[in-house]
Amino acid sequence: MAAELASLFDSLNLAQRKAVQADDGPTLVIAGPGSGKTRVLTSRIAYLLLARKTPAHRIMAVTFTNKAANEMRERLNRMMGAAQTGEMSIGTFHSICARLLRRDAPLIGVDHHFAIFDADDQLSVVKTALAELNIDEKKYKPAAVHSVISRAKNDLIWPDQFQPKTYFEEIVGRVYVRYNQILRANNALDFDDLLIETVRLLQHNPSVCQRVQERYLHLLVDEFQDTNLAQYVLVKWIAGKHRNVFCVGDPDQSIYAWRGADYRNVLRLQEDFPDLNVVALDQNYRSTQTILDAAMSVIRRNPNRRHIKLFTERGQGPKIVVRELYTDDEEAQYVVDTIRELIDHGAAAPGEIAVMYRTNAQSRALEDAFVRAGMPYRLVGATRFYARKEVKDVLAYLRIVNNPADSVSLRRIVNVPPRGIGDKTFAQIEEAARANGTPIYQSLTTGQLAGRAARALADFAALWRNWIDLRDELAVGQLFDHILQTSGYRDYLKDGTEEGEERWANVMELRNVAFGAGDMPLGDFLNEVALVSDIDNYDESANAPTLLTLHAAKGLEFRVVFIVGLEDGLLPHSRSLDNPDQMAEERRLMYVGITRAKDRLYLLRAFRRSAWGTSDMSAPSRFLDDLPAELLNLGGRSKEKQPSWSAGDLSQTARSPRPPVEFTPGQRVYHQKFGEGIVLRSTRQRDDEEVEVFFAKSGLKRLSATISGLKKIE
DNA sequence: CTTGCTACTCTTTTT
DNA sequence: GAGTAGCAAG
């Protein structure tokens, strides 16, 4: 024991050690990026377990992603070689709340088999509510309505407390009421319910509250700056008795205000726990001084922040490379080319490189470039695995078996594959269920419809019945196979097309997860699946560059980081331009991105970016202006002498932006769609180049050099 | 009820 | 440019 502790402390600096060994009572560790926050949190837990002999089951640790939780558990296991960490309550707020609620589900008006509705399901509930209330979807966008509802829940505002301030909110208030009723009729909770219902459970049930408060001797919270009000109140309740909260965070890295996160929770903590012990960590162990200086020069311009000076002993390191490319495709090509060079020169292994962007849509150009270069990559986000149609379909089958009240899932698959149960028939069933006040399952089995529909319904009801009977007899994996077979979904998906095979492969991946669940009850399995985030599945061992959004990059680090799309309107995002608070958040996002880099940082922008099928010009990000020239490598150009097409103001560049003729007759070229070809003629257009190419496969084509993405072959 | 066509929106960021 | 909602025809 003593040996483990000694070696643990050897790896910590004085300030970190002080935090780890803090006395019991409320503690807040404010720390800059790369200062070992998570390490301090893990060490604190090890310290509590080893030195303080705290039983593992009396510790709760909340992290931002399940991945972070798993990592922490692994580290503790390695450190202590003990399986006792398995008894710790560790996970995201959402997953921990789901576990708490499961036990006392009847107290909040659902049963133990309650479903957790994801973003997709939530939207479909909003749509149903809008339809029932005769509200026009075109005027009141379901997504916008839902975001207000979600925000209210995160601020702990129940439907009957919702105070509309605008006409729009007036409408939302009415939808909110109906929305929640529909959720409960489906025996379902949404993501936000997991938090707000747990707060209510603790508030209104003294015995439950006492049990929880008594049990958790220590509560530790990572990424505290990203907690919302509901989460903060949970912290207060859970730690209400023993008052041993240990929070770790960095206000400069708060990037989730848009979903209710409130960095003022730091102030609330100070108010609610006047004896709060605050520890600050500013030494950085991740990045070179150049990178830290760049990060500080960007974040410095935000108002109302505590000024901290980040320092490192890692030295200056290489300058930050700033480049301007002509299009987003060229930007992507630059990324791929540079990565290849870095790998060839041994500057970094492929897995130590990341490419970050503001919006998921930007990943497409990058993916194309990686595919063209035949270079493997990891993609985080975009179309998340669990959001794929086929995956959601199969899960919907499992969900109606676990929770026969789930009409949202039923609607999804009742006619997939086609069974002759169309919208109209389904609406009748739903109506019957509502009229009789019975769950949808019953009105399906006892339905008294006539003709073809009745036959189809009876057949489906028999299948469903059979699955439910098998629910508790078969393991999740076996049930999975059985349903896939008997429902006809398997044959429906495997339709012989290439796309069908791809979808089938995804279903098989899900099948692996199902078999991995072993004897776990179906409900537990579904809960777990509902709460995984994309980053949770990110495979460390795959040795390939990672493509991810700046948000997803939080908490990670890479030897080399590319941030692409440094353009006003993208980073900072156009929706933030007229709002100082949102602008400050964009700046923090940029700060988070920069500080992910250990050694090398590349900041790229494209002069022309295609979006919505058209290509538009863009101005450089204002954040680039904040970087001192001495930190930058501008590729031989001074800051004033940027490439020709961006010199001067935009109106001027619009007239004669680009390019000298790039393609000459006889040049061999490659086009993504048409393959290889030979240039016959090239004509300079106003701000483009028209190229006539003879393709081996598709014959003569006349193309725009900028839009076609035509490439030279050396 | 199913299939296939047209027209329209869409892009912040996520547990 | 792509995915989907909505509609018309089979």
Side-chain angles (χ1 to χ4, degrees), chain A residues 62-69 91-98 116-120 122-124 127 137-138 141-144 146-147 150-151 153-154 189-195 223 226-228 230-231 254-261 356-365 368 380-384 386-387 389 414-426 451-453 455-456 527-536 548-554 565 569-577 579 582 585-586 588-590 592-593 609-615 673 707:
Chain A
V62 185
T63 58
F64 202 76
T65 61
N66 288 303
K67 174 174 177 276
T92 60
F93 274 105
H94 289 85
S95 66
I96 285 173
C97 286
I116 298 171
F117 275 11
D118 68 13
D120 245 31
Q122 291 168 36
L123 221 51
S124 108
K127 284 179 188 169
E137 266 193 29
K138 298 240 162 58
K141 298 251 164 61
H146 178 256
S147 101
S150 168
R151 191 56 190 273
K153 288 189 177 182
N154 284 318
L189 303 178
D190 69 11
F191 279 149
D192 308 308
D193 281 336
L194 295 175
L195 304 177
E223 306 281 14
D226 285 319
T227 53
N228 58 38
Q231 291 164 331
S254 159
I255 53 173
Y256 284 106
W258 53 273
R259 65 169 202 212
M356 302 175 187
Y357 36 81
R358 178 65 234 264
T359 65
N360 278 309
Q362 289 170 258
S363 71
R364 179 159 300 158
D368 285 351
V380 176
T383 30
R384 323 153 96 64
Y386 286 100
K389 268 196 289 290
V414 72
N415 206 28
V416 181
R419 301 188 170 91
I421 307 173
D423 285 344
K424 215 166 174 184
T425 309
F426 189 75
R452 304 184 303 275
R455 181 69 208 221
N527 266 11
E528 220 160 83
V529 160
L531 295 174
V532 295
S533 68
D534 202 56
I535 192 96
D536 293 338
L548 75 182
T549 63
L550 288 160
H551 283 89
K554 178 167 97 134
L570 203 51
L571 181 62
H573 196 271
S574 53
R575 300 216 176 178
S576 310
L577 293 179
N579 179 326
Q582 287 181 39
E585 182 147 315
E586 296 288 312
R588 290 194 292 270
L589 199 51
M590 174 83 182
V592 167
R609 183 166 299 276
S610 35
W612 308 277
T614 57
S615 157
K673 196 136 132 221
I707 295 163

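None of the values given here were measured: they were computed from a predicted structure.
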Would you give the length of the straight line joining atom [atom1] of [X] to atom [atom2] of [Y], rounded to the nearest 0.5 angstrom?
| X | Y | atom1 | atom2 | value |
| --- | --- | --- | --- | --- |
| A:H551 | A:L589 | NE2 | CG | 4.5 Å |
| A:M356 | A:S363 | CE | OG | 14.5 Å |
| A:H94 | A:D193 | NE2 | CG | 10.0 Å |

So does [Y] get a backbone contact from the side chain of [X], meaning a donor-acceptor N/O pair under 3.5 Å?
| X | Y | value |
| --- | --- | --- |
| A:E137 | A:P142 | no |
| A:Q231 | A:L195 | no |
| A:R419 | A:V414 | yes |

Task: For A:T359, side chain to side chain donor-acceptor pair (under 3.5 Å) partners two or more places apart - done: A:Q362
For [X] and [N], what is the distance between atoms [atom1] and [atom2] respectively, to the nearest whole Å?
| X | N | atom1 | atom2 | answer |
| --- | --- | --- | --- | --- |
| A:L123 | C:dA5 | CG | C1' | 13 Å |
| A:H551 | B:dT14 | NE2 | P | 7 Å |
| A:Y256 | B:dT13 | OH | C1' | 7 Å |
| A:E528 | B:dT15 | CD | P | 16 Å |
| A:E137 | C:dA5 | CD | C1' | 9 Å |
| A:W258 | B:dT13 | CH2 | P | 8 Å |
| A:D226 | B:dT14 | CG | C1' | 11 Å |
| A:R609 | C:dG1 | CZ | C1' | 16 Å |

Protein-nucleotides 2-5 of chain B N/O pairs closer than 3.5 Å?
{"unit_1": "B:dT2", "atom_1": "OP1", "unit_2": "A:G420", "atom_2": "N", "d": "3.0"}
{"unit_1": "B:dT2", "atom_1": "OP2", "unit_2": "A:N415", "atom_2": "ND2", "d": "2.7"}

Open item on the list: When you measure from the side-chain N and O atoms of A:K554 to the phosphate of B:dT14, is any distance below 4.0 Å, counting only OP1 and OP2?
Closed with: no
Open item on the list: Does B:dT14 have its OP1 or OP2 closer than 4.0 Å to a side-chain nitrogen or oxygen of A:T549?
Closed with: yes
Task: Side chain of A:N360 (C-beta onward), nearest among C:dT4, B:dT14, B:dT15 - done: B:dT14
Check nucleotides 6-11 of chain B for protein N or O atoms closer than 3.5 Å to its own N or O atoms and list the pairs.
{"unit_1": "B:dC10", "atom_1": "OP1", "unit_2": "A:K141", "atom_2": "NZ", "d": "3.4"}

Open item on the list: Taking side-chain hydrogen bond (donor to acceptor under 3.5 Å, both in side chains) as the criterion, tell me which of A:N228, A:D190, A:D192 meets it with A:K153.
Closed with: A:D190
Task: Least distance between heavy atoms, A:P572 atom then A:L577 atom - done: CG-CD2, 4.0 Å
